[in-house]
Amino acid sequence: MNKFEQERIEKVNKLKECGLDPYGSKYENTKSLCNIVEEYTDEKEGTTVRVAGRIMTMRPHGKTAFLDIRDRTGKIQAYIKKDKVGEQKFDIFKLLDLGDIIGVDGELFKTRTGEVTVYATDFTVLSKAILPPPEKWHGLKDVELRYRQRYVDLFSNEKSMNTFLNRIKIIKWIREHLDNSGFLEVETPMMQPIPGGATAKPFITKHNTYDMDLYLRIAPELYLKRLLVGGMERVYEMNRNFRNEGVSTKHNPEFTMIEIYQAYSDYEGMMTLTESMIAGIAEKLYGCYKIPYGDLTLDLTPPWTRKKYCDLLKEYAGLDMADKNAVLEKAAELKISTDGKENDEIVNDIFEEVVEKELKMPTFVIDYPKSLCPLTKACDDNPDFAQRFELYMASMELANAYTELNEPLEQADRFRKQAGDGELGGKVDEDFLHSLKYGMPPAGGLGIGIDRLVMLLTNTVSIRDVILFPLLRQ
RNA sequence: GCACCCUUAGCUCAGCCGGUAGAGCAACUGACUCUUAAUCAGUAGGUCGAAGGUUCGAUCCCUUCAGGGUGCACCA
């Protein structure tokens, strides 16, 4: 315990000696601070208000003081004067510190310099802080502390609070958009006996009573498609996925994903949905379709560019992916390993190396090589390609969608081939295959990385800045 | 997992060629009844991330470790 704490604990004790509870109780504050300030007019001078919040700055002047009090919506200035609150109360005021949470009763007025202020008639200590807040001007800068002690980051860095408030809005608008389009929000298992729907490494856990290994889900896909079989027709789930892999500015081991399935639609339908939903949210957030991201200005005005995977390869790598020798040459040129890889896998490595970084403006990359898409229906006009798109923006993969493969025997074949690779621990979700045999309607399916979407829409470079409590070492 | 960089007061940061630590804010004492990064005077505050090594002497050079950042790898 340092001297700051000790000094403040002494003040806590003094408040108790004065018969006050330094940790308050229910306090009926009338309005948010932002509303009070915005709605103030000269006629409102003298109106009584009751406000509550954290003391952010203090400017004492002997027998008076100005305090800035902040709540979630904004801040307001309070003016405390010895003559107004009385001598006893003014002595109590002297025990207040930056960071304390207080309530203030008073009358509204405008100061000489035009700031809306509460002229305190009384105040209440609601929570006495025994640690000092960070520096008032610079806030909390240390990124490690900002992540580990997000609570301090939130109350001391307005920008951080705003990012998370925007995240909350974005998620709310996505739900609104889908709910208004007849989609049902569902919840499927986070703990799965066989992790499916993607090929990431899972976290393993164990159920004691059943003596059963379980995996934290890497994707909800196979369960959501069971619901299509069940007849729910339009479903979505927005929640956490868990992947036991590296951490980077674009990857957190637990991350939020939305998966959306629409019966009788296809990947074209999913493109339209993606476009209208994301552009709509950008418009609500910024008032226009052009949004800043780093050095870029992303133009989200629909419709967005759609380009075929193989055409992009030609455009940026000068490569015809059917020409296997050319593919090997290109791989060698880029120092991409080709050991034990199929042609399509090498092609995809080249794509990721060469093309992805060029995709800055919103671009739907469509029609992926079928071998890379075990859950996707083949293109009608070419059986080597699948009806899949990935959405790229600012060189970042943001969404992934298919026309879902609903042919049970074909799906079984593709799973068994993949299980042969050992990618899913050799396990095939037989019940999912069983469900398809009852008939799944043709459907479009879409997954959007919510954290990355929030990054793009809030102009944030690191995923850790849009996740309240990102994973850090102990 | 690999490479590079960072870690100094509660917070934000200085610290030269290796000579043993500085500022602002915050705190404490005092002055001040419309300030707003309030002002003025004074006081206190440090295991320089940790452990070892080199040296007469290490915040500074070397090694190891911990945590963090960035890039790479991993990641349909």
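- Heavy-atom neighbours of A:Met161 CE from other residues, nucleotides or ligands within 6.0 Å: above the threshold of 12.
- In the set B:U12, B:A27, B:A76, the nucleotide with an atom closest to the side chain of A:Arg388 is B:A76.
- Residue A:Phe351 is classed as having no contact, given no heavy-atom separation below 4.0 Å to the nucleic acid.
- Among the atoms of the strands shown, only primed sugar atoms or phosphate atoms (P, OP1, OP2) are found under 4.0 Å from some heavy atom of A:Tyr147.
- When heavy atoms are screened at a 4.0 angstrom cut-off, A:Leu472 is found touching the sugar-phosphate backbone but no base atom.
- Partner A:Ile69 forms a side-chain contact (heavy atoms from CB on, under 4.5 Å) with one of A:Val104, A:Thr57, A:Ile101, A:Val118 and no other, that one being A:Val104.
- Between B:G18 and B:U59, the two P atoms lie 13 Å apart (nearest whole Å).
- Looking at heavy-atom distances under 4.0 Å, A:Asp142 makes contact with sugar-phosphate atoms alone, never a base.
- Residue A:Lys82 is classed as having no contact, given no heavy-atom separation below 4.0 Å to the nucleic acid.
- Here A:Thr249 lies in heavy-atom contact (under 4.0 Å) with sugar-phosphate atoms only.
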Canonical and wobble pairing (Watson-Crick, G-U, under 3.5 Å) of RNA chain B, dot-bracket with |: (((((((..((((.....[..)))).(((((.......))))).....(((((..]....))))))))))))....

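- Nucleic acid contact class of A:Lys75 (heavy atoms, under 4.0 Å, all strands): none.
- With B:U12, B:A27, B:U33 as the candidates, the nucleotide lying closest to the side chain of A:Glu7 is B:A27.
- Closest approach to the A:Phe4 side chain among B:C11, B:A27, B:G67 is made by B:A27 (side chain taken as heavy atoms from C-beta onward).
- Residue A:Glu135 is in base contact, counting any heavy-atom pair closer than 4.0 Å across all strands shown.
- Residue contacts for A:Arg146: at a heavy-atom cut-off of 4.0 Å it reaches no nucleic acid atom on any strand shown.
- At the heavy-atom level, A:Glu397 lies nowhere under 4.0 Å from the strands shown.
- B:C32 atom P lies 11 Å from atom CZ of A:Phe90, rounded to whole Å.
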Atom pairs under 3.5 Å: protein N/O with N/O of nucleotides 2-6 of chain B:
none

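- The phosphate of B:C34 (OP1 or OP2) has no side-chain N or O of A:Thr64 nearer than 4.0 angstrom.
- With B:U12, B:G68, B:U35 as the candidates, the nucleotide lying closest to the side chain of A:His61 is B:U35.
- OP1 and OP2 of B:C32 both lie 4.0 Å or more from every side-chain N or O belonging to A:Arg59.
- Using a 4.0 Å heavy-atom criterion, one finds that A:Asn400 contacts the sugar-phosphate atoms exclusively.
- Here the separation of B:G67 from B:U33, taken at their C1' atoms, is 50 Å to the nearest Å.
- At the heavy-atom level, A:Pro133 lies nowhere under 4.0 Å from the strands shown.
- Applying the 4.0 Å criterion to OP1 and OP2 of B:C28, one finds that A:Lys11 has a side-chain N or O inside that range.
- Judged by distance alone with a 3.5 Å cut-off, a donor-acceptor contact links the side chain of A:His251 to the base of B:C75.
- In this model, a side-chain donor or acceptor of A:Gln77 finds a partner on the base of B:U35 within 3.5 Å.
- At the heavy-atom level, A:Arg473 lies under 4.0 Å from the strands shown only through sugar-phosphate atoms.
- Contact annotation: A:Lys136 reaches the phosphate of B:A26 (side-chain N/O to OP1 or OP2, under 4.0 Å).
- Going from the C1' atom of B:G49 to that of B:C56 covers 27 Å, rounded to whole Å.
- Per the geometry, CG belonging to A:Leu98 stands 15 Å off P belonging to B:C11, to the nearest Å.
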